[in-house]
Colleague: 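Here you go, one structure.
Start at 1 and go down the list; that is how both ligands and their atoms are numbered.
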Amino acid sequence: MKKKKIFIKTFGCQMNEYDSNRIYDSVSKIGFVKTYSQSDADCYILNTCHIRDKAKEKVYHEIGRVKKLYRDKKKPIMVVAGCVAQAENEEMVKREPYIDIVLGPQSYHKVNFLLKNHIANFKQEETEFDTISKFGYFDQIKNNNNKVSAFLTVQEGCDKFCNFCVVPFTRGPEYSRPIEKIIFEAEELIENGVKEITLLGQNVNAYSYKENSKEFRISDLIDRLNQYSELERIRYTTSHPKDMTDDLIDCYTSCHKLMPFVHLPIQSGSNRILELMNRKHTVDDYIKIYERLKKINNEIEFSSDFIIGYPGETHKDFEETLNLIKQIKFINSFSFIFSPRPGTKASKLEMIDENIAKERLTLVQSKLFNNQKEMNRSMENDTIDVLVENKLEKQNKFFGRNKYISPVIFDGIKSDIGKIVKVKIQTSNQNTLFGLINKNMRAA
Ligand code: SAM
Ligand code: SF4
Ligand code: F3S
């Protein structure tokens with residue numbers, strides 16, 4: 001039987017990337033193969049993100065683009081998946097009849113059924129929060145990801161309800177997968193040749209799975225993964241300061257494969273704003289975590305997320321954010337102007353002046369980008385460990401990452417892929433380190 005082609009365009013966070021890969025794994029069971037050409041697919045999936053800005057409008061714009069691509073060809077089955085699908089549900093097919101299927105993130109286990117039963121002009125919509133069935137289904141389907149570095153979702157959803165955030169509405173309540181199912185999937189990845197696993201969750205460090213009156217936490221997952229000799233590196237993202245518990249902090253002593261890099265969003269350096277955001281932690285809580293980890297290992301570095309111009313943010317609040325950035329030298333970070341999201345509490349609040357918010361963002365980013373440049377510059381002339389991921393497409397150079405997840409580009413040979421090599425850094429810019437491999441000094 002002729003294989004059908006499927007193309008998925010993925011927006012948003014790492015979890016969407018993981019989900020897209022799992023959708024490919026699922027549809028391969030009903031004769032679909034992944035295509036890299038977006039203008040030649042039998043099924044076209046947009047895996048969407050709702051976190052900021054005009055997310056919904058962007059999706060309709062994308063569909064307009066797909067329509068043009070297929071103007072003279074057979075229309076693909078058009079699927080909108082991800083967080084916009086969840087938030088907008090059947091409204092999407094009403095507004096844009098080109099869409100055939102609307103599929104929310106907790107209904108991905110239905111993708112094969114929906115595609116098999118697709119009939120032209122018959123619209124289907126699945127946006128139930130059916131997380132247990134979803135993971136139960138995917139537990140039966142092999143994870144075929146064989147890249148050097150792979151994501152593995154262990155926890156999904158959020159019960160924290162920060163006042164600005166749509167995630168609790170689009171991903172549903174917090175759910176932690178059974179530990180043995182996660183380990184089984186990790187073993188599949190390791191067998192496929194994966195060398196680095198990043199444990200994923202909207203609040204990954206809130207992972208909590210109870211069995212026979214014992215609670216398993218993310219520290220248990222890290223500890224188990226640390227024991228696989230073929231696995232080189234462990235990471236986790238995204239964390240909440242409230243869930244940085246002692247057992248997780250202890251992993252930085254006991255698990256040598258856990259990378260010394262903590263992405264820990266704070267959002268603001270002002271306690272007043274954190275309270276208005278309903279963040280459930282203070283700046284002081286955050287600094288204590290930072291100091292504890294630095295004491296364990298001074299090489300541990302931090303990155304964070306900042307929301308600038310939250311409703312009510314005064315000049316003083318903003319100054320406090322700048323002070324925090326001075327105090328904690330985040331080596332890279334994400335920062336965005338507050339974007340009112342439909343259905344959230346903060347969307348009803350009065351916005352601060354747009355120009356002031358833009359000025360503040362520029363200032364905060366100049367500080368954050370400077371830290372990043374300085375950090376990279378400080379590594380020039382050092383020889384560092386790099387996990388080699390792939391060869392660059394258009395150059396005879398190789399791509400890998402250092403322990404802080406910074407991209408490194410260097411000379412190399414194909415057999416280095418999947419290995420940790422020593423690279424002497426020669427130059428750098430804000431995002432990337434450039435160097436030469438030290439062939440006589442490969443890391444153990
Ligand atoms: N769970 C993580 C935490 O507690 O920080 C964050 C997950 S969220 C998917 C990623 C980031 O998006 C947040 O840290 C926040 O900085 C940003 N974000 C969420 N809602 C936003 C909004 N309404 N406007 C601007 N940025 C937003
Ligand atoms: Fe959103 Fe993170 Fe807050 Fe949950 S904890 S509501 S995911 S920002
Ligand atoms: Fe976006 Fe949904 Fe992830 S809103 S950031 S794709 S959880």
Colleague: Can the positive tip of Lys110 be found less than 6.0 Å from the middle of the six-membered ring of Tyr108, inside 45° of the ring normal?
Modeller: no
Colleague: Record the part of Lys160 in heavy-atom contact with ligand 1 below 4.0 Å; permitted values are side chain, backbone, both and neither.
Modeller: neither
Colleague: I need the minimum non-hydrogen distance between Ser347 and Arg341, along with the two atoms involved.
Modeller: CB-O, 3.1 Å
Colleague: Ring centroid separation for Phe306 and Phe330, is it under 6.0 angstrom?
Modeller: yes
Colleague: Starting from atom 1 (Fe) of ligand 2, what is the nearest protein heavy atom, named by residue and atom, and what distance separates them?
Modeller: Cys165 SG, 2.3 Å
Colleague: What is the distance from atom CD of Gln372 to atom OG of Ser303, rounded to the nearest 0.5 Å?
Modeller: 9.5 Å
Colleague: Please check if the distance between the ring centroids of Tyr175 and Phe135 is under 6.0 Å.
Modeller: yes
Colleague: Which of the atoms of ligand 2 are close to His240, meaning less than 4.0 Å from one of its heavy atoms?
Modeller: 5 (S)
Colleague: Using every non-hydrogen atom in the two residues, find where Tyr286 and Leu264 come nearest and quote the distance to one decimal.
Modeller: OH-O, 2.5 Å
Colleague: So which protein heavy atom does atom 23 (N) of ligand 1 come closest to, and at what separation?
Modeller: Ser339 O, 2.7 Å
Colleague: For atom 20 (N) of ligand 1, what is the closest protein heavy atom, and at what distance to 0.1 Å?
Modeller: Phe164 CD1, 3.3 Å
Colleague: Do Arg95 and Tyr60 meet the cation-pi criteria used here (NZ or CZ under 6.0 Å from the six-membered ring centre, within 45° of the axis)?
Modeller: yes
Colleague: Nearest protein heavy-atom contact for atom 15 (C) of ligand 1: which residue, which atom, what distance?
Modeller: Gln267 OE1, 3.4 Å
Colleague: Would you mind telling me which of His281, Lys160, Lys280, Arg217 makes a side-chain hydrogen bond (donor to acceptor under 3.5 Å, both in side chains) with Asp243?
Modeller: Lys160
Colleague: Using a 4.5 Å cut-off on heavy atoms from C-beta on, say whether the side chain of Asp159 contacts that of Asn203.
Modeller: no
Colleague: At less than 4.0 angstrom from any non-hydrogen atom of Thr238, what atoms of ligand 1 do you find?
Modeller: 2 (C)
Colleague: Check each atom of ligand 1 against the heavy atoms of His240 and keep those under 4.0 Å away; list them by number with element.
Modeller: 4 (O)
Colleague: Hey, which atoms in ligand 3 end up nearer than 4.0 Å to a heavy atom of Asn16?
Modeller: 6 (S)
Colleague: Among protein heavy atoms, which lies nearest atom 4 (S) of ligand 3, and at what distance?
Modeller: His50 N, 3.2 Å
Colleague: Show the atoms of ligand 1 that are less than 4.0 angstrom away from any heavy atom in Gln202.
Modeller: 1 (N), 2 (C)
Colleague: Can you tell which part of Pro265 has a heavy atom less than 4.0 Å from ligand 2: side chain, backbone, both or neither?
Modeller: neither
Colleague: Strictly by modelled atom types, are Tyr209 and Gln155 linked by a side-chain donor-acceptor pair under 3.5 Å?
Modeller: no
Colleague: Show me which atoms of ligand 1 lie under 4.0 Å from any heavy atom of Arg341.
Modeller: 23 (N)
Colleague: Any non-hydrogen atom of Arg279 lying under 4.0 Å from ligand 2?
Modeller: yes
Colleague: Using a cut-off of strictly less than 2.8 Å, determine whether Cys49 has an N/O/S atom near atom 1 (Fe) of ligand 3.
Modeller: yes
Colleague: Is a donor on one side and an acceptor on the other found under 3.5 Å between the side chain of Lys123 and the backbone of Pro97?
Modeller: yes
Colleague: Starting from atom 4 (Fe) of ligand 2, which protein heavy atom do you reach first, and at what distance in Å?
Modeller: Cys158 SG, 2.2 Å
Colleague: Looking at Tyr70, is Lys75 sitting on its ring face, NZ or CZ under 6.0 Å from the six-membered ring centre and within 45 degrees of the normal?
Modeller: no
Colleague: Main chain of Thr127, side chain of Gln86: is a donor-acceptor contact present, judged purely on distance under 3.5 Å?
Modeller: yes
Colleague: Please list, in number order, the atoms of ligand 1 under 4.0 Å from a heavy atom of Ile337.
Modeller: 25 (C)
Colleague: Is the contact between Thr238 and ligand 2 made by the side chain, the backbone, both, or neither, using heavy atoms and a 4.0 Å cut-off?
Modeller: neither
Colleague: Checking a contact table here: which protein heavy atom is nearest atom 3 (Fe) of ligand 3, and how many Å away?
Modeller: Cys13 SG, 2.3 Å
Colleague: Examine all N, O or S atoms of Cys83, backbone included, and report whether one is under 2.8 Å from atom 2 (Fe) of ligand 3.
Modeller: yes
Colleague: Starting from atom 9 (C) of ligand 1, find the nearest protein heavy-atom neighbour and note its residue, name and distance.
Modeller: Ile51 CD1, 3.6 Å
Colleague: Quick check against the 3.5 Å criterion: does Asn192 have a side-chain atom that pairs as donor or acceptor with the backbone of Asn145?
Modeller: yes
Colleague: With a 4.0 Å heavy-atom cut-off (strictly under), which part of Val166 contacts ligand 1: side chain, backbone, both or neither?
Modeller: neither
Colleague: Can you pull out the closest protein heavy atom to atom 27 (C) of ligand 1? Residue, atom name and distance to 0.1 Å, please.
Modeller: Ile307 CD1, 3.6 Å
Colleague: Could you tell me which atoms of ligand 1, counted from 1 in the order shown, lie closer than 4.0 angstrom to a heavy atom of Arg52?
Modeller: 12 (O), 17 (C), 18 (N), 24 (N), 25 (C), 26 (N), 27 (C)
Colleague: Could you tell me, atom by atom, which parts of ligand 3 come under 4.0 Å of a heavy atom of Gln202?
Modeller: 7 (S)
Colleague: If you have a sec, work out which protein heavy atom is nearest atom 3 (Fe) of ligand 2 and how many Å separate them, to one decimal?
Modeller: Cys162 SG, 2.3 Å
Colleague: Are Arg279 and ligand 1 in contact, using a heavy-atom cut-off of under 4.0 Å?
Modeller: yes
Colleague: Is any NZ, NE, NH1 or NH2 atom of the basic residue among Arg360 and Glu313 found under 4.0 Å from an Asp or Glu carboxylate oxygen of the other?
Modeller: yes
Colleague: Which of the numbered atoms in ligand 2 are below 4.0 angstrom from a heavy atom of Val167?
Modeller: 7 (S)
Colleague: Under 6.0 Å from the six-membered ring centre of Phe336 and within 45° of its axis: does the NZ or CZ of Arg52 meet both?
Modeller: yes
Colleague: What residue and atom, counting heavy atoms only, is the protein's closest point to atom 10 (C) of ligand 1, and at what distance?
Modeller: Asp305 OD2, 3.7 Å
Colleague: Please name the pair of heavy atoms, one in Asn47 and one in Gly82, separated by the smallest distance, quoted to 0.1 Å.
Modeller: OD1-CA, 3.3 Å
